[in-house]
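None of the values given here were measured: they were computed from a predicted structure. FYI, side chains are in, hydrogens and waters are out, and symmetry mates aren't considered; it's all heavy atoms of this structure.
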Amino acid sequence: LSSFDTSSTTNMDYMFSGCSSLATITGIEDFDITGLGVNSMLDFLNGLTLSTTVYNELLVNYQGQSGYNNQDPHFGSSTYTLYSSAATARADLVTSGWTITDGGSVAPTFAYGTEGFEGTGAPTGWTSVVGSSGSISYDDTSSPGTGSKSLKVLSNNNTYATLDLGSVYSNCTLIFKQKHTVYNSNTHMMVWFATDASNAISLRSPAPGTTDPNGSFYADHFVGSSVSYVTPTSNNVSVTDWHYVKVDINVSATTCTLTKSTSSNFTSPDTATNSSFSYRTGFTGVRYILIGNFLNLGTEILFDEFSVIDNS
C-alpha cells in the first residue's frame with residue numbers, strides 16, 4: 001500500500017477489519033492521516049496483527065502528524081516495544097485524545113536471554129580484564145527477577161568487563177539494572193558507553209546506603225576542562241536497591257536523557273534531559289559497554305538485564 005495517497009481521506013472506519021489472512025500490509029505505517037475527521041478509525045485493523053517493527057513505525061509516524069486528535073483505532077493484536085520511541089509516541093497519542101486498542105507492549109530483547117547471565121561463565125560478546133585483587137563473576141546469584149544471576153565486578157587495579165555490540169548505535173535507548181554494593185569514597189563505580197577505546201561517556205552512582213538529592217546517577221563526559229552531564233533531581237532511589245536505568249542517546253541531536261527507577265516498568269521515574277549534551281568529537285555512538293573502573297579503589301557493582309533499542 002506504499003503508493004496509496006490518503007491525504008484527502010476523511011474516514012478509515014473498518015478499512016482492514018476482518019482481513020485476517022493478510023500476513024503483512026506494507027506501507028500502512030506511512031499513511032497520511034491528517035485529513036481524518038474525529039473518531040474515524042473505528043475497527044481499523046481489527047482481526048489483524050502487524051509485526052512489532054511495522055507497528056512501532058506506524059505509531060511514531062502517526063504521532064508525528066497533526067490535526068487528527070480524538071481517534072479510536074483498533075490495531076488488532078499488534079504489539080509495540082516497551083521503552084522505545086514507539087511507546088512514547090503511543091502515550092502522546094493517548095494524551096492527545098486517542099483511544100487505542102492493540103496487543104499491548106512487549107519487552108525489548110535482552111542481550112543473551114531474559115536475564116542475560118543465567119548460564120555458566122561469560123556470555124557471548126563479553127570479555128574480562130582482571131587486575132590484582134579484582135574479580136569478575138558472570139553468574140553471581142544475587143539478582144532478583146525471573147532469573148537469579150547477574151554480572152558482578154569488583155574493580156581493583158584496572159578490573160572491568162566489556163561487551164561488544166557489534167555495531168555503533170548513534171540514536172538508541174539503553175536499558176539495564178544495576179546495584180552498587182561496595183564503595184570507596186574516592187570514586188564512583190562506572191558504567192561506560194563507548195565508540196572506541198578513546199571516546200566514551202559514563203554513568204556513575206554514589207555511596208551505597210544513601211539517597212542522593214541530586215540523583216543517583218550522572219551521565220558525564222569530559223570535553224577539555226568542562227563536563228557535560230545529565231542529573232536527575234529527586235532522591236526516589238536508594239543505592240542499596242537495584243536501580244532500573246534507561247539512557248536515551250542521540251548524538252546528532254546532541255541530546256541525552258537519563259531515567260532511573262526501582263520499577264522495571266519505570267513507574268515513578270526520576271528523569272532528566274540535557275538537550276545540548278557535549279559529546280566528545282570522536283564519540284559517534286555506542287558500540288561497547290564497559291562495567292568497572294580503572295583505578296585501585298576496590299568498588300563493586302552488579303549489572304543485569306541489558307538491552308539496546310535502535311531508534312534510528
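Here the straight-line distance linking atom OG of S150 with atom CZ of F306 works out to 15.5 Å at 0.5 Å rounding. The distance from atom OG1 of T281 to atom CG of N199, rounded to the nearest 0.5 Å, is 8.0 Å. From S17, atom OG reaches atom CG of N46 across 4.5 Å, with rounding to the nearest 0.5 Å. A distance of 5.0 Å separates OG1 of T6 from CG of D32, quoted to the nearest 0.5 Å. In this structure, N311 CG and Y169 OH are separated by 11.0 Å, a value rounded to the nearest 0.5 Å. The CZ atom of F303 sits 14.0 Å away from atom NE2 of H243, with the distance rounded to the nearest 0.5 Å.
Contact annotation: the side chain of Y160 never approaches that of I291 to less than 4.5 Å [non-hydrogen atoms, C-beta and beyond]. The shortest side-chain heavy-atom distance between V191 and F176 falls under the 4.5 Å cut-off. I249 is listed as a side-chain neighbour of L174, based on a closest heavy-atom distance under 4.5 Å. Looking at heavy atoms from C-beta onward, F193 lies out of side-chain contact with S202 at the 4.5 angstrom threshold. Side-chain contact between T259 and D270 is absent, with no heavy-atom pair separated by less than 4.5 Å. Counting heavy atoms from C-beta on, the side chains of T127 and L163 never come closer than 4.5 Å. Looking at heavy atoms from C-beta onward, V153 lies in side-chain contact with T159 at the 4.5 angstrom threshold. The shortest side-chain heavy-atom distance between Y138 and S128 falls under the 4.5 Å cut-off.
Under 3.5 Å, the side chains of D164 and T162 contain no donor-acceptor pair of N or O atoms. With 3.5 Å as the limit, one finds a donor-acceptor pair spanning the side chains of N56 and T81. Looking at Y279 and T284, their side chains never bring a donor and an acceptor atom within 3.5 Å of each other. Inspection of the T254 and S276 side chains reveals no N or O donor paired with an N or O acceptor under 3.5 Å. Counting only N and O atoms by type, the side chains of S78 and T49 include no donor and acceptor under 3.5 Å apart. Checking N70 against N39 by side-chain atom types alone, no donor-acceptor pair falls below 3.5 Å.
At distances below 3.5 Å, at least one donor-acceptor pair connects side-chain atoms of N61 with backbone N or O atoms of E29. Between the Q65 side chain and the F31 main chain, a donor and an acceptor come within less than 3.5 Å of each other. Between the side chain of S278 and the backbone N or O of S228 there is no donor-acceptor pair closer than 3.5 Å. Checked by atom type and distance alone, the side chain of Q71 pairs as donor or acceptor with a backbone atom of G37 at under 3.5 Å.
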Handout entry: CA sep, side-chain torsions, deciding dist, call: V247, I201, side-chain contact (heavy atoms from CB on, under 4.5 Å)
Key = CA-CA 11 Å; V247 184; I201 61 175; 5.5 Å; no
Practice task
Quick one: do L151 and I136 satisfy side-chain contact (heavy atoms from CB on, under 4.5 Å)? Show the steps, please.
Solution key: CA-CA 7 Å; L151 166 66; I136 294 177; 3.9 Å; yes
Practice task
Show your working on side-chain hydrogen bond (donor to acceptor under 3.5 Å, both in side chains) between N250 and S252 and close with a plain yes or no.
Solution key: CA-CA 6 Å; N250 190 326; S252 63; 3.1 Å; yes
Exercise for the section: Step by step, work out the side-chain hydrogen bond (donor to acceptor under 3.5 Å, both in side chains) result for D102 and Y55. Expected result: CA-CA 10 Å; D102 57 20; Y55 188 44; 2.7 Å; yes
Handout entry: Working for side-chain contact (heavy atoms from CB on, under 4.5 Å), residues Q178 and L302
Key = CA-CA 5 Å; Q178 71 128 67; L302 301 177; over 6 Å; no
Practice task
Assess whether side-chain contact (heavy atoms from CB on, under 4.5 Å) is satisfied between K152 and I301, documenting all intermediate values.
Solution key: CA-CA 6 Å; K152 179 170 72 173; I301 193 172; over 6 Å; no
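Placement of V130 and W126 within a single hydrophobic cluster is found when ILVMFWY residues are connected by side-chain heavy-atom separations under 4.5 Å, directly or transitively. Hydrophobic clustering of Ile, Leu, Val, Met, Phe, Trp and Tyr side chains at less than 4.5 Å, counting indirect connections, unites V54 with M12. One hydrophobic cluster, built from ILVMFWY side chains closer than 4.5 Å, cannot hold both I100 and L42; they sit in different ones. By the criterion of side-chain heavy atoms lying less than 4.5 angstrom apart, applied directly or through intervening Ile, Leu, Val, Met, Phe, Trp or Tyr residues, L36 is not grouped with Y14; the two fall into different hydrophobic clusters. In terms of hydrophobic clustering, with Ile, Leu, Val, Met, Phe, Trp and Tyr side chains grouped at heavy-atom distances under 4.5 Å, F4 and I28 are assigned to a common cluster.
Taking the six-membered ring where tryptophan is involved, the planes of F44 and F75 are perpendicular, since the angle between them exceeds 60° and thus also 30°.
The existence of a salt bridge linking R90 and D92 is excluded, since no basic side-chain nitrogen approaches an acidic carboxylate oxygen closer than 4.0 Å. In this structure, K149 does not pair ionically with D304, as no charged nitrogen and carboxylate oxygen lie closer than 4.0 Å.
If you run side chain to side chain donor-acceptor pair (under 3.5 Å) between T257 and each of T173, T273, N274, only T273 comes through.
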